[in-house]
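Mind having a look at this structure? Questions to follow.
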Amino acid sequence: ANAQCNLGFIYATGDGVEADPEEAVRWFLVAAESGDLQATYNLSQMYSGGHGVEADLAASLALLRQAAQAGHPDALYNLGIYSYSGGGGVEQDLSAAFVFFKNAASAGHGEALFSLGLCYSKGHGVEKDEIQAVEAYKKSAESGNANGIFNLGLYYYYGEGGLARDLDLAEDLFQRA
């Protein structure tokens, strides 16, 4: 199934072959039916954007949920974004968004770590906790996420979230972001 998913990706991106979204969907479908989570996620994205298949938000969401239930970090993150913003056919639910971000973050997903920090810093879907926000931003920054690096810089700049004010470190972080 992994090889079939990779073949779908090659056709989707045109890496070494002429891009063929319909052929990509065919291979993603074969791989997804064999239980490949990445293929299930990729297929959800093809349906979402109408690439190689007619756009179908309901099918995209069903595939995204299937991949998320199996623990796929990108699927968890995307459902978190949809739940946070009320997009993608999902009603806004900040508590659900927090759970999706937390689960994706536990797999080291840099954007999810940033979003988790945002939830903690604003009290969205969870009780406001600046210390937890800083921890999430640190992990996000360690993963190379520019938003996490920047927000961590803000905490050092203002000396918040249990951090001592450190303008030199803040400046360094801002430049890295």
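Given the structure is predicted, the values throughout are model-derived calculations rather than measurements. Residues take their numbers from the sequence shown, with the count starting at 1.
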To the nearest 0.5 angstrom, please state how far the CD atom of E18 sits from the CD atom of E23.
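The CD atom of E18 sits 12.0 Å away from the CD atom of E23.
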
Nearest heavy-atom pair of A1 and A31: which atoms, and what distance?
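Closest approach of A1 to A31: O-CB, 3.3 Å.
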
Could you measure the distance from the CE atom of M46 to the CD atom of E22? Nearest 0.5 Å is fine.
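Here the interatomic distance stands at 8.0 Å.
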
Got a donor-acceptor contact below 3.5 angstrom from the S140 side chain to the G110 backbone?
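The answer is yes, because a donor-acceptor pair under 3.5 Å joins these two groups.
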
Starting at CG of L116, measure out to CD of E135 and round the result to the nearest 0.5 Å.
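Going from the CG atom of L116 to the CD atom of E135 covers 11.0 Å.
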
Examine F114 and Y155 and state if one hydrophobic cluster contains both, with Ile, Leu, Val, Met, Phe, Trp and Tyr joined whenever side-chain heavy atoms are less than 4.5 Å apart.
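Yes; tracing contacts between hydrophobic side chains, which count when under 4.5 Å, links both residues.
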
Compare every heavy atom of A75 with every heavy atom of A67, then report the nearest pair and how far apart it is.
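For A67 and A75, the tightest heavy-atom pair comes out as CB-CB, 3.7 Å.
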
Within one Ile-Leu-Val-Met-Phe-Trp-Tyr cluster: Y82 and L76, side-chain cutoff 4.5 Å:
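Yes; L76 is reachable from Y82 via cluster members.
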
Return the CG to CZ distance between D20 and R26, rounded to the nearest 0.5 Å.
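Rounded to the nearest 0.5 Å, the CG-CZ separation comes out at 9.5 Å.
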
State, without any angle test, whether Y41 and N78 hold a side-chain donor-acceptor pair at a distance under 3.5 Å.
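Their side chains do contain a donor-acceptor pair, which is all the 3.5 Å distance test asks for.
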
Can you list the residues that meet the side-chain contact (heavy atoms from CB on, under 4.5 Å) rule with A59, with sequence neighbours excluded?
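Y47, D56.
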
Close side-chain approach of K138 to L163, heavy-atom, < 4.5 Å:
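Counting from C-beta outward, K138 and L163 do come under 4.5 Å.
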
May I ask you to decide if L79's main-chain N or O and S83's side chain share a donor-acceptor pair within less than 3.5 Å?
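Flag set: sc S83 to bb L79 pair under 3.5 Å.
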
Considering only heavy atoms from C-beta outward, does the side chain of P21 approach that of Y11 to under 4.5 Å?
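Heavy-atom side-chain distance check fails, nothing below 4.5 Å.
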
Single-linkage hydrophobic cluster, 4.5 Å side-chain cutoff, L43 and L37 together
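Not linked; separate clusters.
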
Under the side-chain contact (heavy atoms from CB on, under 4.5 Å) test, residues paired with N6 that sit two or more places apart:
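With neighbours one apart ignored, the set is N2.
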
OG-CD1 distance between S143 and I149, expressed to the nearest 0.5 angstrom
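It comes to 7.5 Å.
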
Closest non-hydrogen atom pair, A164 against Y156:
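In this case the closest contact between A164 and Y156 is O-CD2, 3.7 Å.
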
Within a strict 4.5 Å, meaning less than it, do heavy atoms of the F150 and L173 side chains meet?
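They are not in side-chain contact.
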
Tell me whether R165 forms a cation-pi arrangement with Y157, defined as NZ or CZ under 6.0 Å from the six-membered ring centre and within 45 degrees of its axis.
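Yes, R165 and Y157 form such a contact.
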
Check: Y137 side chain, L118 main-chain N or O, donor-acceptor pair, under 3.5 Å:
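Indeed, once roles are kept as given, a pair shorter than 3.5 Å links the two residues.
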
If only atom types and distance count, is the side chain of Q92 paired as donor or acceptor with the main-chain N or O of S85 below 3.5 Å?
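Not a single qualifying donor-acceptor pair exists.
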
Taking the side chain as every heavy atom from C-beta outward, state whether Q45 and L64 have any pair of such atoms under 4.5 Å apart.
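Heavy-atom side-chain distance check passes, below 4.5 Å.
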
For A105 and A112, work out which heavy atoms get closest and say how close.
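The answer is N-CB, 3.7 Å.
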
Distance check, rounded to the nearest 0.5 Å: C5 atom SG versus L29 atom CG?
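C5 SG to L29 CG: 12.0 Å, rounded to 0.5 Å.
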
Examine F98 and F100 and state if one hydrophobic cluster contains both, with Ile, Leu, Val, Met, Phe, Trp and Tyr joined whenever side-chain heavy atoms are less than 4.5 Å apart.
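Cluster IDs for F98 and F100 differ.
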
Parallel, tilted or perpendicular: which one describes the rings of F101 and Y77, with boundaries at 30° and 60°?
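Rings of F101 and Y77: tilted, as their planes differ by 30° to 60°.
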
Note: E142-K139 ion pair, threshold 4.0 Å (strictly below)
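Salt bridge absent between E142 and K139.
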
Any side-chain heavy-atom pair of F9 and W27 under 4.5 Å:
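F9 vs W27: side chains apart.
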
Considering non-hydrogen atoms only, spot the tightest contact between V134 and G161 and give its length.
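Heavy atoms of V134 and G161 come nearest at CG2-O, 3.6 Å.
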
Between I81 and V90, is there shared hydrophobic-cluster membership here, with clusters defined by ILVMFWY side-chain heavy atoms closer than 4.5 Å?
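I81 and V90: separate clusters.
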
What's the shortest heavy-atom distance between G89 and L61, and which atoms?
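For G89 versus L61, the nearest heavy atoms are O-CD2, 3.8 Å.
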
